[in-house]
Amino acid sequence: MSLAGKVAIVTGSGRGLGLSYAQELARQGAAVVINDVDADVATEAVASINAAGGKAVSVVAPVGSTETAKALVASAVENFGRLDILVTNAGVLRDKSILKMTDEDFDTVINVHLRGTFTCVRETYGYFKENNIAGRIITIGSPTGQRGNFGQTNYAAAKAGIVGMVRTWAMEMKRAGVTVNAVIPVAATAMTKTVPFFAKAVEADERGEAMPDFFRKELGFGTADDVAGLIAFLASEEAGQITGQAIGAGGDRLQLWSHPEAIASEFNDGGWDYAALRERFPFSDNLQSVGETFPELPAELQPEPAAK
């Protein structure tokens, strides 16, 4: 097993995507620190790994604070003797359009996703540096952070911020041999279960059947397990030259997201003052789209009409 002897922390790993990541890391030989805010859920997650022959313990605490970050690193070291891998998966949603979004809605999401990623990475990297460990840091982004999504101001800001931090950390951590990447998952979650567009995919998964090819291939939409392999790979020695990247995974599709680059440049003698721009704005034909546009669902995959 390629991760034998390694120790990983996975935040938000009591259920869903985080649990799949933790279970795959354990399958590949890593001991895992599970993290969740629900003690019962965390206990079940630990039991699932131990029952499969792995090693796991849990820290029950919300991420965001430095105290939780310190507790996670301490648990790894105290229980397993070291730390090699961090996966920052913990997150919450408070979806509302901007005029309905409260300060608390915004702050809660930013605290868990963005600040929680920052504090956990800072504490983990400090441990790596102090102990001369060329560790692996894997953060979790989202298509919303790359493209935007209606009603998710807070979530989009947090996920875009995570990818921005990854690019910076890749430069700061390079000399220490630590890699840091963002994974952009597209998978069935509690949230996508409520979206009619994905109904046939979710129904197939819940029956234990493979999702239709339209979802897996055309949309790159699949299960949590479809993303977990990428997490384990980025945690491995084989991925030692991959850093500062945003990599998408879902269904049968793997994607490498580009860093933002200027797509067009125009020059004007004397600069672009207000009058010059009124006369000629040079990028009218190059304006970028926002949000994601999905292809039309085939007739056989249309959701059933809602019962009246």
Side-chain angles (χ1 to χ4, degrees), residues 1-39 41-91 112-113 115-140 162 165-166 169 173 176-181 183 228 231-237 239-240:
M1 292 184 286
S2 63
L3 300 181
K6 303 293 187 181
V7 178
I9 295 168
V10 184
T11 68
S13 51
R15 54 166 68 93
L17 285 163
L19 178 57
S20 289
Y21 303 159
Q23 290 172 332
E24 179 63 20
L25 289 168
R27 232 180 334 264
Q28 298 307 324
V32 182
V33 177
I34 295 288
N35 162 250
D36 203 275
V37 294
D38 187 317
V41 168
T43 298
E44 290 177 9
V46 168
S48 73
I49 290 174
N50 291 337
K55 297 178 182 178
V57 296
S58 67
V59 172
V60 178
V63 301
S65 70
T66 296
E67 289 72 23
T68 294
K70 288 181 178 294
L72 288 164
V73 173
S75 179
V77 175
E78 290 168 7
N79 285 282
F80 303 119
R82 59 183 292 123
L83 175 61
D84 304 274
I85 301 157
L86 171 68
V87 182
T88 59
N89 172 75
V112 175
H113 287 276
R115 191 170 190 267
T117 296
F118 164 70
T119 55
C120 289
V121 169
R122 182 178 61 184
E123 197 65 28
T124 296
Y125 181 55
Y127 173 84
F128 288 165
K129 282 272 287 184
E130 185 177 337
N131 293 277
N132 196 30
I133 294 173
R136 302 285 182 263
I137 295 172
I138 302 156
T139 70
I140 304 300
I162 286 170
M165 292 193 299
V166 161
W169 292 334
M173 299 179 188
V178 176
T179 67
V180 53
N181 293 285
V183 168
I231 300 293
F233 171 71
L234 291 174
S236 71
E237 295 297 326

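Nearest heavy atom pair, residue Ile34 against residue Ala22, reads CD1-CB, 3.6 Å. The two residues Thr88 and Thr139 have their closest heavy-atom pair at OG1-CA, 3.2 Å. Residues Ile49 and Ala56 share a closest heavy-atom pair of CG2-CB, 3.8 Å. When all heavy atoms are compared, the tightest approach of Ala42 to Ser58 is CB-CB, 3.9 Å. Taking both residues in full, the closest heavy atoms of Ala235 and Leu25 are given as CB-CD2, 4.0 Å, listed atom of the first, atom of the second, then distance. When every heavy atom of Thr68 is checked against every heavy atom of Ala61, the shortest pair comes out as OG1-CB, 3.7 Å.
Using a 4.5 Å cut-off on side-chain heavy atoms (C-beta onward), Ile138 and Asn181 make no contact. Using a 4.5 Å heavy-atom cutoff, the side chains of Ile137 and Phe128 are in contact. Taking 4.5 Å as the limit, every side-chain heavy atom of Val87 sits out of range of all side-chain heavy atoms of Ser13. Side chains of Asn89 and Ile231 form no contact here, defined as non-hydrogen atoms less than 4.5 Å apart. You'll find the side chain of Val33 stays beyond 4.5 Å of the side chain of Asn79, heavy atoms only. Two residues are said to be in side-chain contact when any heavy atoms from C-beta on lie closer than 4.5 Å; Val63 and Val112 meet this criterion. Side-chain contact check for Thr179 versus Leu234: every heavy-atom pair is 4.5 Å or farther apart. Counting heavy atoms from C-beta on, the side chains of Arg82 and Ile133 come closer than 4.5 Å.
The distance from the CD atom of Glu123 to the CZ atom of Phe118 is 10.5 Å, given to the nearest 0.5 Å. The line from CZ of Arg15 to CD of Glu44 is 8.5 Å long, rounded to the nearest 0.5 Å. One distance of note links CZ of Arg122 with CE of Met165; it measures 11.0 Å at 0.5 Å rounding.
Counting only distance, with no hydrogens or angles, the side chain of Asp36 and the backbone of Asp38 share a donor-acceptor pair below 3.5 Å. The backbone N or O of Ile85 sits nowhere less than 3.5 Å from a side-chain atom of Arg136 that would complete a donor-acceptor pair. Within the 3.5 Å criterion, the main-chain N or O of Ala90 finds a donor-acceptor partner in the side chain of Thr11. A donor-acceptor contact shorter than 3.5 Å is absent between the side chain of Ser75 and the backbone of Leu72. In terms of modelled atom types and a separation under 3.5 Å, the side chain of Asp84 and the main chain of Val7 share a donor-acceptor contact.
A side-chain contact (heavy atoms from CB on, under 4.5 Å) with Ile162 holds for exactly one of Ile140, Thr117, Val121; it is Thr117. With Leu86 as the fixed residue, the side-chain contact (heavy atoms from CB on, under 4.5 Å) test singles out one of Val178, Val180, Thr124, Val73: Thr124.
Using a 4.0 Å cut-off between charged nitrogen and carboxylate oxygen, Lys70 and Glu67 do not count as a salt-bridge pair.
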